[in-house]
2 protein chains.
Amino acid sequence: MSEQNFEMEHQQALHNLKQGLPDDTDLEAMVNIFKAFGDMTRVKIILALSETPLSVGEIADTLDMSQSSISHQLSILKQLNLVSNARRGRNIHYRLSDQHIITIFNQTKEHIIEDDNDF
Amino acid sequence: MSEQNFEMEHQQALHNLKQGLPDDTDLEAMVNIFKAFGDMTRVKIILALSETPLSVGEIADTLDMSQSSISHQLSILKQLNLVSNARRGRNIHYRLSDQHIITIFNQTKEHIIEDDNDF
DNA sequence: TGAATATATGAGCATTCATTCATATATGAA
DNA sequence: TTCATATATGAATGAATGCTCATATATTCA
């Protein structure tokens, strides 16, 4: 294919882009989830919960962080439907609401591994 | 399996967790990538670049944002190896460095779609 | 009921971060 | 070389965010 054809396709694509991009309200849900994943504490909580359901106190112990801090972060994860909870006696047990999440983590790790090959 | 066995497995899992969680330096790379995805502007840039390589100016036009703002965000994406660039005449063309990224976006969208079914 | 334990929540604070503005750098054209 | 265009960059600013501290709520146990 000729240089001109590439250029035409590019112009075409460029023109379509402005309309074609999903609008803010559609993207917001995705961005919010990535925001949630963009914090070390929340990532560790998620990784811990991927092994077994845990109470708030157990998570705080595991991560060596305050109960309050963990509770705040859990409420963010819950609002995004990333975790769900259920009271069991005095404790409240949290669990991952969707194993999908771990797939996303793994996919991202793979991206990083590929990077390491460029040098 | 009995209630006690569940409890024992839980204790076992809990005990393993504190050692088992990846340490901060390992997680940081992943967290940084999610941080990058956790911003509307950067997500839009990535989506645009997934259609076709674009110059800085073209991106700024497409997203209706200042050249400076786009340039700042591109430098963040570049540092994370999410995009690469090449000068072409007066312009600098950016492209996605890895199509993996779009897979991650799609996977995340699927998570959201599943959520919508709970009501 | 009262004490102890587990969790949630709101305010305050320090930090991070996205954008803007001004300006520097690099390229192509005249 | 000089001008115009494209991009990068640093400082400043306002908004968002994560943690702490104090306190409220809920549950169990004696």
Side-chain angles (χ1 to χ4, degrees), chain A residues 7 10-11 14 24 27-49 53-80 82-95, chain B residues 7 10-11 14 24 27-49 53-80 82-95:
Chain A
E7 186 49 32
H10 176 73
Q11 288 305 327
L14 181 56
D24 288 25
L27 286 179
E28 217 128 28
M30 189 170 72
V31 169
N32 285 336
I33 288 186
F34 285 133
K35 269 202 182 91
F37 293 168
D39 174 81
M40 185 76 97
T41 301
R42 287 187 295 259
V43 165
K44 285 185 185 171
I45 292 175
I46 289 169
L47 289 176
L49 292 180
L54 293 166
S55 73
V56 179
E58 288 170 331
I59 299 175
D61 280 354
T62 303
L63 305 198
D64 246 315
M65 293 188 61
S66 75
Q67 175 269 320
S68 177
S69 180
I70 298 300
S71 189
H72 276 295
Q73 299 307 334
L74 283 170
S75 94
I76 292 174
L77 295 175
K78 187 162 178 302
Q79 268 204 299
L80 293 167
L82 295 169
V83 303
S84 64
N85 62 7
R87 183 176 281 276
R88 187 149 179 194
R90 255 191 285 232
N91 301 321
I92 297 187
H93 282 255
Y94 281 80
R95 57 169 63 252
Chain B
E7 186 50 33
H10 176 72
Q11 288 305 327
L14 181 55
D24 288 25
L27 287 179
E28 216 130 26
M30 188 170 72
V31 169
N32 285 336
I33 288 186
F34 285 134
K35 269 202 183 93
F37 293 168
D39 174 81
M40 185 76 96
T41 301
R42 287 188 294 259
V43 165
K44 285 185 187 172
I45 291 175
I46 289 168
L47 289 176
L49 292 180
L54 293 166
S55 73
V56 178
E58 287 170 332
I59 299 173
D61 280 355
T62 304
L63 305 198
D64 245 315
M65 294 188 61
S66 75
Q67 175 268 321
S68 177
S69 181
I70 299 299
S71 189
H72 276 296
Q73 299 307 333
L74 283 170
S75 94
I76 292 174
L77 295 175
K78 188 162 178 299
Q79 267 203 301
L80 293 167
L82 295 169
V83 303
S84 64
N85 62 8
R87 183 175 281 277
R88 186 149 180 193
R90 254 191 286 232
N91 300 322
I92 297 187
H93 281 255
Y94 282 79
R95 58 168 62 253

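A note on names: the letters A, B, ... follow the listed sequences, proteins ahead of strands, and every chain is numbered from 1. Please read all numbers here as calculations on a predicted model, not as lab measurements.
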Check your understanding: Between CD of Glu58(A) and CD1 of Ile70(A), what distance do you get to the nearest 0.5 Å?
Key -> 12.5 Å
Point to revise | side-chain contact (heavy atoms from CB on, under 4.5 Å) partners of Ser84(B), counting only residues at least two apart | key: Arg95(B)
Practice item. Look at the side chain of Asp39(A) and the backbone N and O of Thr41(A), then say whether any donor-acceptor pair between them is shorter than 3.5 Å. Key: yes
Exercise for review: Could you state the atom-to-atom distance from CG of Leu77(A) to C1' of dG18(D) in whole Å?
Suggested key: 13 Å
Check your understanding: Taking atom NE2 of His93(A) and atom CD1 of Ile59(A), what is their separation to the nearest 0.5 Å?
Key -> 10.0 Å
Check your understanding: Of the options Leu63(B), Leu82(B), Thr62(B), which is the one that meets Ile45(B) in a side-chain contact (heavy atoms from CB on, under 4.5 Å)?
Key -> Leu63(B)
Point to revise | Separation of dA8(D) C1' from Asn91(B) CG (nearest whole Å) | key: 14 Å
Which protein N or O atoms sit under 3.5 Å from an N or O of nucleotides 15-18 of chain C?
unit_1	atom_1	unit_2	atom_2	d
dA18(C)	OP1	Arg42(B)	NH1	3.0
dA18(C)	OP1	Arg42(B)	NH2	2.5
dA18(C)	OP2	Arg42(B)	NH1	3.3

Study note, to complete from the structure: From CE of Met40(A) across to P of dT17(D) the rounded distance in Å is 19 Å
Practice item. Supply the atom-to-atom distance Met40(A) CE to Asp24(B) CG, rounded to the nearest 0.5 angstrom. Key: 4.0 Å
Check your understanding: Taking atom CG of Leu54(B) and atom CD1 of Ile92(B), what is their separation to the nearest 0.5 Å?
Key -> 14.0 Å
Check your understanding: Less than 5.5 Å between centroids and less than 30° between ring planes, does His72(B) satisfy that with dT19(C)?
Key -> no
Under 3.5 Å donor-acceptor pairs involving side-chain atoms of residues 71-79 of chain A, not counting sequence neighbours:
unit_1	atom_1	unit_2	atom_2	d
Gln73(A)	OE1	Arg42(A)	NH1	2.7
Ser75(A)	OG	His72(A)	O	3.1

Point to revise | Whole-Å gap separating C1' (dA8(C)) and CG (Asn85(A)) | key: 11 Å
Revision key, fill the gap. The side chain to side chain donor-acceptor pair (under 3.5 Å) partners of Lys35(A) (sequence neighbours excluded) come to none
Point to revise | Sequence neighbours excluded, every pair satisfying salt bridge (charged side-chain N to carboxylate O under 4.0 Å, His left out) that has a member inside residues 59-68 of chain B | key: Lys18(A)-Asp64(B)
Check your understanding: Looking at residues 53-62 of chain B, who's got a heavy atom less than 4.0 Å off DNA chain C?
Key -> none
Exercise for review: Would you indicate, yes or no, if dT7(C) has its OP1 or OP2 atom less than 4.0 angstrom from a side-chain nitrogen or oxygen of Ser71(A)?
Suggested key: no
Give me, pair by pair, the N or O atoms of the protein and of nucleotides 22-26 of chain D that are less than 3.5 Å apart, along with how far apart they are.
none

Check your understanding: What's the CG-C1' distance between Leu80(A) and dT17(D), to the nearest Å?
Key -> 14 Å
Exercise for review: Apply ring-ring contact (aromatic ring centres under 6.0 Å, His included) to Tyr94(A) and list each qualifying residue two or more places apart in sequence or on a separate chain.
Suggested key: none
Point to revise | Side-chain N or O of Tyr94(A) closer than 4.0 Å to phosphate OP1/OP2 of dA6(C) | key: no
Point to revise | Toward the 5' end of DNA chain D, by each residue's nearest nucleotide, Gly89(A) or Leu74(B) | key: Leu74(B)
